[in-house]
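What follows is one structure encoded as structure tokens, with my remarks underneath.
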Amino acid sequence: MNATTPKVYGWCPGALRPMMSGDGLVVRVRAPLGRLTPDQARGVARLSQEFGSGLLDISARANLQMRGIREEAHDALIAGLRDLGLIDPDAQAEARRNVLLAPFWSEGDETHAIATDLSAALTAATDLFLPGKFGFAVDCDEAPVLQDTAADIRIERSCEALILRADGAETGKPVTRETAVSEALALVRWFLEQGGAPEGRGRMHRLIARRAPPPAHVAPWVKASFTAEPGPVSAGTLAALEFGQMPAATLAKLADYGAIRLTPWRALLVEGADSLPPLPGLILDARDPRLQVIACTGAPGCLQALSPTRDLARSLAKQLPAGTTVHVSGCAKGCACPAPAPLTLTATGQDEFSLIRHGTAADQPLKTRLSAAALRASPELLKEGS
Ligand code: SF4
């Protein structure tokens, strides 16, 4: 491993198992069913301001991440979060209950009912030892919206029926609202029995690349794509967040408009709201050029970052042609965008970036040693064929 090789932790921070970063502890709150009541949202905002930097992120698995928490304040923070009903019985239960549900659910529909039962079953499954990032997606609306979001086991609608699908497989097993949870747990046990997690690490799609899903997984699956855009939706109004981050004061203000649903798209949904006011960190217009740039925390907030990322991303956003997306990554790990992007700038040193086309942050670069100043002065460097 050289100085520019990022460290892979193999687990995600939780509230009870936080991770140290460059700006203090990262405490990730796994809100039940990805939803904060207005009182919970105001409470989280207050705790973030009292014990942390007052900055909140939404993770790619729709969790709320409190940044800059002082180490000595962690116990008091957990007590505050517990009072708000946002803490699991223990760190293992918190890690197991990694359930993402399509955020456009209505109370009592299949997505809501199955995600509720699955969360309870995972909390109770104390004999289940899952790899750190192992997660579930419940996506039962007519048009699936989570297929491009990372998950290991999926319960989704395909050809008008519900299926259970191992991530990476192109077929699934027919299930019903009543059988979906027990079948999902059976698929977890199959994954473990098949050696999917040697030494406690592993993902379903890697196992499926080596062997076929279980024999009963023969129901057809149809690939669907979805792009989230800010604006009114069936359950309220969707607001994107610049780089998936907002000041705590913005969350507190949004709570005046309704309960908050967290989404995996660097956006949140305010239940029942017809419109939202402009607030720091919010993007309310689908044409906002900041939606064309993706950037991780970068330096100094991340200990592994080789350079700052967000100022560069902000200035490039104003110069990009419509439809072009740029991912600026503080190191080759590419946390903010694990999938290939049309253009990626990966930091390789302080104010030094490599340019990768149609690849991930770790892929072979087309150009190297580009400074932020050179990129700002000559955005044509990012154009095809330049
Ligand atoms: S990609 Fe960004 S956030 Fe992730 S480890 Fe590297 S610098 Fe940190």
Side-chain angles (χ1 to χ4, degrees), residues 1-14 17-29 48 52-53 55-69 131-133 135 149-150 201 203 240-246 262 264-267 281 290 292-317 325-365 368-372 375:
M1 189 159 102
N2 64 39
T4 60
T5 307
K7 185 173 170 186
V8 177
Y9 290 97
W11 57 279
C12 294
R17 194 185 178 207
M19 189 182 270
M20 182 52 77
S21 195
D23 54 353
L25 291 176
V26 173
V27 171
R28 196 174 278 180
V29 179
S48 161
S53 62
L55 286 176
L56 299 166
D57 294 333
I58 295 194
S59 78
R61 285 202 61 82
N63 297 308
L64 197 67
Q65 201 158 266
M66 306 176 80
R67 295 206 70 96
I69 300 297
K133 297 189 175 187
T149 301
R201 286 189 178 196
R203 301 301 301 261
L241 304 181
E242 190 192 46
F243 306 123
Q245 188 169 81
M246 67 186 149
L262 305 161
W265 311 306
R266 288 183 256 277
R290 290 173 296 169
Q292 291 175 243
V293 288
I294 304 165
C296 69
T297 302
C302 174
L303 289 173
Q304 301 201 57
L306 299 167
S307 190
T309 52
R310 290 184 173 169
D311 281 349
L312 174 61
R314 247 181 228 112
S315 41
L316 292 179
T325 303
V326 176
H327 170 206
V328 184
S329 186
C331 77
K333 202 164 165 187
C335 297
C337 181
L343 290 169
T344 302
L345 290 165
T346 301
T348 51
Q350 174 61 29
D351 192 29
E352 192 176 275
F353 294 86
S354 287
L355 171 65
I356 296 131
R357 237 180 249 289
H358 305 296
T360 70
D363 280 342
Q364 191 62 30
T368 57
R369 311 195 73 170
L370 299 166
S371 71
L375 287 159

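Keep in mind that the numbers below use all heavy atoms, side chains included, and drop hydrogens, waters and symmetry copies. Everything quoted here is computed from the prediction, not taken from an experiment. All ligand and atom numbering here is 1-based and tracks the order in the structure.
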Practice task
Please state which part of Cys331 comes within less than 4.0 Å of ligand 1, counting heavy atoms only: side chain, backbone, both or neither.
Solution key: both
Exercise for the section: State the atoms of ligand 1, each with its element, that fall below the 4.0 Å cut-off from a heavy-atom position in Cys302. Expected result: 3 (S), 5 (S), 7 (S), 8 (Fe)
Completion exercise
So for Cys335 against ligand 1, with non-hydrogen atoms under 4.0 Å, the contacting part is both
Completion exercise
One finds that the ligand 1 atoms under 4.0 Å from a non-hydrogen atom of Ser329 are 1 (S)
Problem - Glu242/Arg310 salt bridge by N-O under 4.0 Å criterion - result: no
Practice task
Would you indicate whether the side-chain heavy atoms of Ser48 and Met66 approach each other to under 4.5 Å?
Solution key: yes
Practice task
Return the minimal non-hydrogen interatomic distance between Cys302 and Ser21, and the atom names on each side.
Solution key: CA-OG, 3.6 Å
Practice task
Over all heavy atoms of both residues, which pair between Ile58 and Ala267 is shortest? Give the atoms and the distance, please.
Solution key: CD1-O, 3.5 Å
Handout entry: Minimum heavy-atom distance between Ala60 and Pro264, given as atom pair plus value
Key = O-CB, 3.2 Å
Exercise for the section: May I ask you to check whether Cys296 brings an N, O or S atom to under 2.8 Å from atom 8 (Fe) of ligand 1? Expected result: no
Problem - Ala305 neighbourhood, listing ligand 1 atoms whose heavy-atom distance to it stays under 4.0 Å - result: 7 (S)
